[in-house]
S.K.: 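This is the structure, below, for whatever I ask next.
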Number of protein chains: 2
Amino acid sequence: MTQTGNGTPAYQRIQSGILELIRTGELKPGDVVESERELAKIHGVSLMTARHALTELEREGAVVRKRGTGTFVAPPKIHFNKLMSFTEQMASRGLPEYSKVLSARVIEREAEIAARLLLSPQQSLLKLERLRQGSGEPFALETCYLSAEKYSGLVNAPLQRASLFSILEKQYGLQIAYADEEIDAIAAEARTAQLLSVARGSPLLRIRQVIYSASGFREIYVLGLYRADRHVLNVRRFR
Amino acid sequence: MTQTGNGTPAYQRIQSGILELIRTGELKPGDVVESERELAKIHGVSLMTARHALTELEREGAVVRKRGTGTFVAPPKIHFNKLMSFTEQMASRGLPEYSKVLSARVIEREAEIAARLLLSPQQSLLKLERLRQGSGEPFALETCYLSAEKYSGLVNAPLQRASLFSILEKQYGLQIAYADEEIDAIAAEARTAQLLSVARGSPLLRIRQVIYSASGFREIYVLGLYRADRHVLNVRRFR
DNA sequence: AAGTGGTCTAGACCACGGC
DNA sequence: CCGTGGTCTAGACCACTTC
């Protein structure tokens, strides 16, 4: 008797159940999760199916399994390698944040940048230059480039208030998936130094990122220059 | 009749077989991998077991599965967020590499660094300072700190020739798992500038990493200073 | 000894893709 | 239509941890 119930697979329903308990705080990090056999019985499912559910949850880092002992809620996740907008980053640290839009306009014939987005060299681009401030001090200079064709409406968007990510996600239905970043350091040249209130030649962290949509397209190119004395990047690398 | 053969699980043997074909080039990116049913028959194993093997290979990024179509060798992996030693990095790019050991000795009372390894402030540390050169030019200055108690033998290890990682893995049985890195930029001070053959005040990429063993302990602290004009860091971040 | 996760079997039905 | 991967069953034995 296979009782699939609704359309969602049984193993996913089991996962949702556990994730819900974690989300609501009913299960805290370190707490025991029901064993495979218990889950199988409760959900009226075979052992393999219950196992499947836990295997995926472990892979996602939600739980930890210990042979001979049980399955436990994983320690609070550290948000390493998470792609967050400036706004989100500041919010997650509880810091006040402010962005000044220096320019938002359409540019033409920027072949090099178009190439990074895999667009043809003549294609026009939307260029968005913002000075990021945190705790009242200038912090970073971020220049975003997007296809002008797709995102022309952004020129008049309330970027002063809302985060670019949230506008793209909500208004344009863009599903941001990941970003590849190139990180190095450069010396501040005159204009940048002045905008960021640092001396000319001061070391800046330069982050060039290509942001990909869930469907695999290159959607945004961002050139970020960060005051090294105000910014540390956190990365986790695996062997 | 369960024929396990040797000690390794069947699904791992199936994985090794496929990975070997990929490694030797017998299977190239885009090629079809044997179907679940074929694998099950060939290896005299049930369908679930063959599936398990492919599921893990897909998770690791070695293959891609397409419902209704088949399983294919994944496109060449991009080594994002991979923890590699300097030696490995240079080798993977086919570049000649050379390291000069500037010092290798035991130091005492370096409370701040001991703290990063969660050791007591008085504990003595092994300090290993190396100048990394690639293509004949100085490239980076790397200073490693390890527990002197555990790794005292390293003082006399052939670090000129073998990579620190490989010595730790082979001789000390250390299983390196991952590293958390703090990345920022600083201006080169006198000694560093001289060693790296750059002007004083040049921007350097500073990477401070804590390397963890598979059992979760903090094993190595590395302070790396990289010439920004010779080094770009690649990172992938996920939403 | 009892309970846990790890591996595995020999089937089954479904949804999807290509022909 | 046929072959593919996706989901699932109702058991089984093993290795490990805890008591």
Side-chain angles (χ1 to χ4, degrees), chain A residues 1-19 27 29-75 215-216, chain B residues 1-19 27 29-75 175 214-216:
Chain A
M1 190 192 65
T2 313
Q3 63 126 6
T4 329
N6 52 51
T8 66
Y11 77 95
Q12 284 180 18
R13 276 181 285 135
I14 298 177
Q15 290 175 344
S16 313
I18 296 171
L19 289 175
L27 279 179
D31 285 0
V32 192
V33 175
E34 279 139 330
S35 77
E36 302 177 343
R37 287 162 179 80
E38 284 170 342
L39 283 172
K41 202 189 298 176
I42 294 171
H43 292 84
V45 110
S46 89
L47 195 52
M48 283 298 282
T49 304
R51 272 189 61 69
H52 185 180
L54 289 184
T55 303
E56 282 209 343
L57 283 186
E58 178 173 45
R59 177 170 60 83
E60 290 165 10
V63 303
V64 178
R65 300 157 97 192
K66 294 209 176 89
R67 136 173 329 199
T69 311
T71 300
F72 306 86
V73 177
S215 37
Chain B
M1 190 192 63
T2 313
Q3 63 128 9
T4 329
N6 54 50
T8 67
Y11 76 96
Q12 283 180 19
R13 276 181 285 136
I14 298 177
Q15 290 174 344
S16 312
I18 296 171
L19 289 175
L27 279 180
D31 286 0
V32 192
V33 176
E34 279 139 329
S35 78
E36 300 178 344
R37 287 163 179 80
E38 284 170 341
L39 283 172
K41 202 190 298 178
I42 294 170
H43 292 84
V45 112
S46 89
L47 195 55
M48 282 300 281
T49 304
R51 272 189 61 68
H52 184 180
L54 289 184
T55 303
E56 282 210 341
L57 282 185
E58 178 173 45
R59 177 170 59 84
E60 291 165 10
V63 303
V64 178
R65 300 156 97 191
K66 294 207 176 91
R67 144 179 319 208
T69 311
T71 300
F72 306 87
V73 177
Q175 280 194 57
S215 36

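Chain A is the first sequence line, chain B the second, and so forth, proteins listed ahead of strands; every chain is numbered from 1. As a basis for the values below, the full set of heavy atoms in this structure was taken, side chains included, without hydrogen atoms, waters or symmetry mates.
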S.K.: Looking at A:Glu56 and A:Arg59, is any side-chain nitrogen of the basic one under 4.0 Å from a carboxylate oxygen of the acidic one?
M.R.: yes
S.K.: Checking contacts here: which listed nucleotide (D:dT4, D:dG11, C:dT4) is nearest the side-chain heavy atoms of A:Leu47?
M.R.: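 Nucleotide nearest to A:Leu47's side chain: D:dG11.
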S.K.: How many whole angstroms separate atom NZ of A:Lys66 from atom C1' of D:dC16?
M.R.: 14 Å
S.K.: Between D:dC16 and A:Thr69, is there an OP1 or OP2 to side-chain N/O distance shorter than 4.0 Å?
M.R.: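 Checking A:Thr69 against D:dC16: no side-chain N or O falls below 4.0 Å of OP1 or OP2.
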S.K.: How close or far is atom C1' of D:dC8 from atom CD of A:Glu56, stated in whole angstroms?
M.R.: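 Computing the A:Glu56:CD to D:dC8:C1' distance gives 14 Å.
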S.K.: At under 4.0 Å, does any side-chain N or O of B:Ser46 touch on OP1 or OP2 of C:dG11?
M.R.: no
S.K.: Return the value, rounded to whole Å, for the distance between atom NZ of A:Lys41 and atom P of D:dT9.
M.R.: 16 Å
S.K.: Got a sec: does the CD of B:Glu58 have more than 12 other heavy atoms crowding it under 6.0 Å?
M.R.: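 Result for CD/B:Glu58: enclosed.
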S.K.: For A:Arg67 and for B:Arg67, locate the closest nucleotide of DNA chain C by heavy-atom distance; then report the residue assigned to the nucleotide nearer the 5' terminus.
M.R.: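 It is A:Arg67 whose nearest nucleotide is closer to the 5' end.
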S.K.: Nearest 0.5 angstrom please: B:Ser35 OG to B:Lys41 NZ, how far?
M.R.: 8.5 Å
S.K.: May I have the distance from A:Arg13 (atom CZ) to D:dT7 (atom P), rounded to whole angstrom?
M.R.: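 Distance check: A:Arg13 CZ to D:dT7 P gives 13 Å.
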S.K.: Roughly, in whole Å, what's the span from CD in B:Glu36 to P in D:dT7?
M.R.: 10 Å
S.K.: Report yes if at least one side-chain N or O of A:Thr49 is closer than 4.0 Å to OP1 or OP2 of D:dT9; otherwise report no.
M.R.: yes
S.K.: Just N and O in the side chain of A:Arg51: are any of them under 4.0 Å from OP1 or OP2 of C:dG6?
M.R.: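 Checking C:dG6 against A:Arg51, a side-chain N or O does come within under 4.0 Å of OP1 or OP2.
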S.K.: Determine: side-chain N/O of A:Tyr11 to OP1/OP2 of D:dC8, distance under 4.0 Å, yes or no.
M.R.: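 So the side chain of A:Tyr11 is outside the cut-off, no N or O lying under 4.0 Å from OP1 or OP2 of D:dC8.
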S.K.: Between D:dT9, C:dG5, D:dG5, which nucleotide has the shortest distance from any of its atoms to the side chain of A:Arg37?
M.R.: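 The answer is C:dG5, which lies nearest to the side chain.
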S.K.: Measuring from A:Ile18:CD1 to A:Leu54:CG, what's the distance to the nearest 0.5 Å?
M.R.: 5.0 Å
S.K.: Could you check how far CG of A:Leu54 sits from C1' of C:dG5, rounded to whole Å?
M.R.: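 In whole Å, C:dG5 C1' lies 9 Å from A:Leu54 CG.
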S.K.: Which nucleotide wins on minimum distance to the side chain of B:Arg65, given the candidates D:dG5, D:dC8, C:dG6?
M.R.: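 Output: D:dG5.
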S.K.: Starting at atom CZ of A:Phe72, determine the distance to atom C1' of C:dG5, rounded to an integer number of angstrom.
M.R.: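 In whole Å, C:dG5 C1' and A:Phe72 CZ are 11 Å from each other.
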S.K.: For the backbone of A:Ala53 and the side chain of A:Gln15, can you confirm whether one donor and one acceptor N or O come within less than 3.5 Å of each other?
M.R.: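 Pair found, side chain donor or acceptor close to backbone of A:Ala53.
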S.K.: Let me spell it out: for each of B:Met48 and B:His52, pick the nucleotide of DNA chain C with the closest heavy atom. Which residue's pick is nearer the 5' end?
M.R.: B:His52
